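If you're wondering where the values come from, they're calculated on a predicted model, not measured in any experiment.
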Amino acid sequence: MKQIFFWVGAFLTIVVAMFAQEQSQSPGTAEFDLIIKGGTVYDGTGTEPRQADIAIRSDRIARVGNFKAAKAKTVIDAKGLAVAPGFINMLSWSTESLIQDGRSQSEIRQGVTTEIMGEGESMGPVNDRVREHMLHTQTDIKYDVKWNTLAEYLQYLEKRGISCNVASFLGATTVREYVIGFEDKQPTPEQLEQMRELVRKEMEAGALGIGTSLIYPPAFYAKTEELIELCKVAAKYQGKYISHMRSEGNQLFEAFDELLRIAREANIPAEVYHIKAAGQKNWPKESELLARIEGAQKDGLKITADMYTYTAAGTGLDACLPPWTEDGGYPALFKRLRDPATREKIKAEVKIDSDKWENLYLAAGSPEKILLDGFKSDKLKPLTGKTLAEVAKMRGKDPIDTIMDLIAEDESRIGTVYYLMSEENVKKELRKPWISFGSDEASQAPEPPFTKSNPHPRAYGNFARVLGKYVRHEKVLSMTDAIHRLSGQPATNLGLDHRGFLKDGMFADVVVFDPATISDRATFEKPHQYAVGVKHAFVNGVQVIKDDEHTGAKPGRALWGPGKTK
């Protein structure tokens, strides 16, 4: 009898153990760190949303499903809210701002969990010449350059502590500055080989590809063949070419042809930075540009674009001057602007609507449409927020003379907003499924040192504006499409590992927002205003935004391109 009881007991023990094991593996009773319950889940694929729970364990999404009986350390009620993959900023200039403040406030409060850098200039590679340039061009944010490569810079940010993830293209401008300098000259065969080797090293270290900004010197001095050679190396590591094209105005189609040539000859996917037709006379070119891109796609080329959601661009006041003025770098520019004879030559060229360079002074249409928003010197900071027309009138000077005076006095490029685009064209771009989004600004906060200058409002509002103004109010695109283009699409294009989707096993970059209230608040007059509507945000499974406020957490990581060698 005792033996029977023994075997019955043993059998029951085994059954109970098996049942317990089964239950521990069941979605209904598994232990998670966090469950986001009952939200409308947009998974980033572009498929229609569904009601579901998101279960997170450590830095990953463990399950997407229904977990009525599941236990978790933290449960967030997302009923009535949208749950989406963290958004990806395809064009971030947070290279310096994240050194100053790793919280990435203006971005994370819009749901941006990953920032992509490298429009032409990148934070590496660095030699003595590049380091000196980086130190001398600092404005409100001061920092030491404690790295030598682009990869080391990204690791520096991660170690220092950041709330967002970061990745970067390798700036072709920086490679050129490293090897050749700031002069208008072409590389020797030996120098070109040195440039290729820099690309190889940075691609193996995790760069996403090659980035260019070809309207600005010294990038303007590079020939197409030079860029093809750099891109051929990047292509071997599954890299991408991404470009602020040589023209967005008078030579828009010719500039796009150059991008296509680079893509074909280097056998590399290509993306157009902040796609636009700049200058009123060029607005009719927009539809043709979009058609040409789609034609190239049909021919088998991988061509995409990104955009910001405003009709004004932001760059330097020096973009009003011909590129030869910066042959030799900024010190050479300042010297030329102090020479009366050279100034007359510059002034005459600025007045000509030339196809040889991108003249943003004429593209804006008038000095009233040029807004000054960032000075280096305290003496000139009171002019922040004034138009060029206003400052010229205050000084009793011609607007072009005022441009030259201000740059020479401030010894900087001077942050400037140019009203260049049409709202109709912005909406045409918004309707294209292959266009993602980038702020072309730095993440910041409404506190010093950021408040010493006025950023373009896209720093605080670009992504919320997509979901508020253009999805909810104007219905230019659907919520499903917008979220796909804010998350899954750019993650796939860039080859980011396990990012961009709400799926089992993906990294837990998640944003929870109210689709009824998400909106941008920043204006050109008062740009330092946070967007509203993002209730919670998680980066690598750690909560960074909780009940509309920043937690102070800095779980962000450096992300690497698909060509990174182990």
Side-chain angles (χ1 to χ4, degrees), residues 93-97 99-101 106 121 132-143 213 216-217 310 312-321 325-326 329-338 343 346-347 350 360-361 364 366-420 439-460 522-529:
W93 274 109
S94 297
T95 44
E96 296 181 338
S97 68
I99 297 173
Q100 174 69 35
D101 181 2
S106 65
E121 288 193 312
E132 182 182 10
H133 174 70
M134 293 171 74
L135 292 173
H136 285 174
T137 55
Q138 291 174 11
T139 54
D140 295 331
I141 297 173
K142 309 297 183 185
Y143 58 94
S213 51
Y216 308 111
Y310 297 82
T315 185
L317 188 60
D318 59 339
C320 294
L321 306 180
T325 61
E326 291 183 34
Y330 284 130
L333 168 65
F334 305 145
K335 183 177 180 181
R336 291 184 179 105
L337 294 179
R338 295 180 181 117
R343 283 173 63 102
I346 294 170
K347 187 174 181 178
V350 172
L360 294 195
Y361 176 76
S366 75
E368 286 80 12
K369 294 181 180 179
I370 299 175
L371 183 68
L372 307 175
D373 65 6
F375 293 90
K376 182 177 182 178
S377 71
D378 291 336
K379 180 182 176 182
L380 294 177
K381 283 188 181 296
L383 300 178
T384 301
K386 297 186 182 299
T387 66
L388 175 62
E390 290 173 323
V391 175
K393 185 177 180 181
M394 287 170 55
R395 292 181 162 217
K397 288 281 193 80
D398 173 87
I400 300 175
D401 285 320
T402 302
I403 290 170
M404 293 188 285
D405 289 344
L406 289 174
I407 294 173
E409 290 171 34
D410 203 52
E411 292 201 341
S412 84
R413 63 196 302 258
I414 301 178
T416 306
V417 167
Y418 299 86
Y419 291 87
L420 297 173
S439 70
D440 198 5
E441 255 290 358
S443 62
Q444 42 200 290
E447 59 191 47
F450 302 115
T451 47
K452 291 182 177 181
S453 298
N454 279 0
H456 192 298
R458 62 197 180 191
Y460 285 84
T523 65
F524 288 98
E525 295 74 26
K526 295 182 178 180
H528 288 288
Q529 299 186 77

Note, [X] side chain near [Y] side chain (heavy atom, < 4.5 Å):
{"X": "Tyr330", "Y": "Asp318", "answer": "yes"}
{"X": "Pro449", "Y": "Ile141", "answer": "yes"}
{"X": "Thr137", "Y": "Lys376", "answer": "no"}
{"X": "Arg413", "Y": "Glu326", "answer": "no"}
{"X": "Val417", "Y": "Asn454", "answer": "no"}
{"X": "Tyr419", "Y": "Glu368", "answer": "no"}

Considering residues at least two apart in sequence or located in another chain, which fulfil the salt bridge (Lys or Arg N to Asp or Glu O under 4.0 Å) criterion with Asp101?
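By the salt bridge (Lys or Arg N to Asp or Glu O under 4.0 Å) rule, Asp101 matches Arg103.
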If only atom types and distance count, is the side chain of [X] paired as donor or acceptor with the main-chain N or O of [Y] below 3.5 Å?
{"X": "Ser94", "Y": "Ser97", "answer": "no"}
{"X": "Arg458", "Y": "Ser439", "answer": "yes"}
{"X": "Thr325", "Y": "Leu333", "answer": "no"}
{"X": "Ser106", "Y": "Gln444", "answer": "yes"}
{"X": "Thr416", "Y": "Leu317", "answer": "yes"}

Minimum heavy-atom distance between [X] and [Y], given as atom pair plus value:
{"X": "Pro455", "Y": "Asp373", "answer": "C-OD2, 4.1 Å"}
{"X": "Ala392", "Y": "Pro399", "answer": "CB-CA, 4.0 Å"}
{"X": "Lys347", "Y": "Ile400", "answer": "CG-CG2, 3.8 Å"}
{"X": "Lys142", "Y": "Thr139", "answer": "NZ-O, 2.8 Å"}
{"X": "Leu420", "Y": "Ala313", "answer": "CD1-CB, 3.8 Å"}

Indicate, with yes or no, if the rings of His456 and Tyr310 have centres closer together than 6.0 Å.
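Ring centres of Tyr310 and His456 closer than 6.0 Å.
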Centroid separation Phe450 to Tyr460 less than 6.0 Å:
no
Calculate, to the nearest 0.5 Å, the distance between atoms [atom1] and [atom2] belonging to [X] and [Y] respectively.
{"X": "Leu371", "Y": "Glu390", "atom1": "CG", "atom2": "CD", "result": "8.5 Å"}
{"X": "Ser377", "Y": "Leu383", "atom1": "OG", "atom2": "CG", "result": "8.5 Å"}
{"X": "Leu372", "Y": "Lys386", "atom1": "CG", "atom2": "NZ", "result": "10.0 Å"}
{"X": "Ile99", "Y": "Gln138", "atom1": "CD1", "atom2": "CD", "result": "8.0 Å"}
{"X": "Tyr361", "Y": "Ile403", "atom1": "OH", "atom2": "CD1", "result": "6.0 Å"}
{"X": "Ile414", "Y": "Phe375", "atom1": "CD1", "atom2": "CZ", "result": "5.0 Å"}

Would you call [X] and [Y] a salt bridge, taking side-chain N to carboxylate O under 4.0 Å as the test?
{"X": "Arg343", "Y": "Asp401", "answer": "yes"}
{"X": "Glu411", "Y": "Arg338", "answer": "yes"}
{"X": "Arg395", "Y": "Glu409", "answer": "yes"}

Partners of Lys381 by side chain to side chain donor-acceptor pair (under 3.5 Å), sequence neighbours excluded?
Asp140
Excluding sequence neighbours, so at least two apart, what forms ring-ring contact (aromatic ring centres under 6.0 Å, His included) with Tyr418?
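By the ring-ring contact (aromatic ring centres under 6.0 Å, His included) rule, Tyr418 matches no residue at all.
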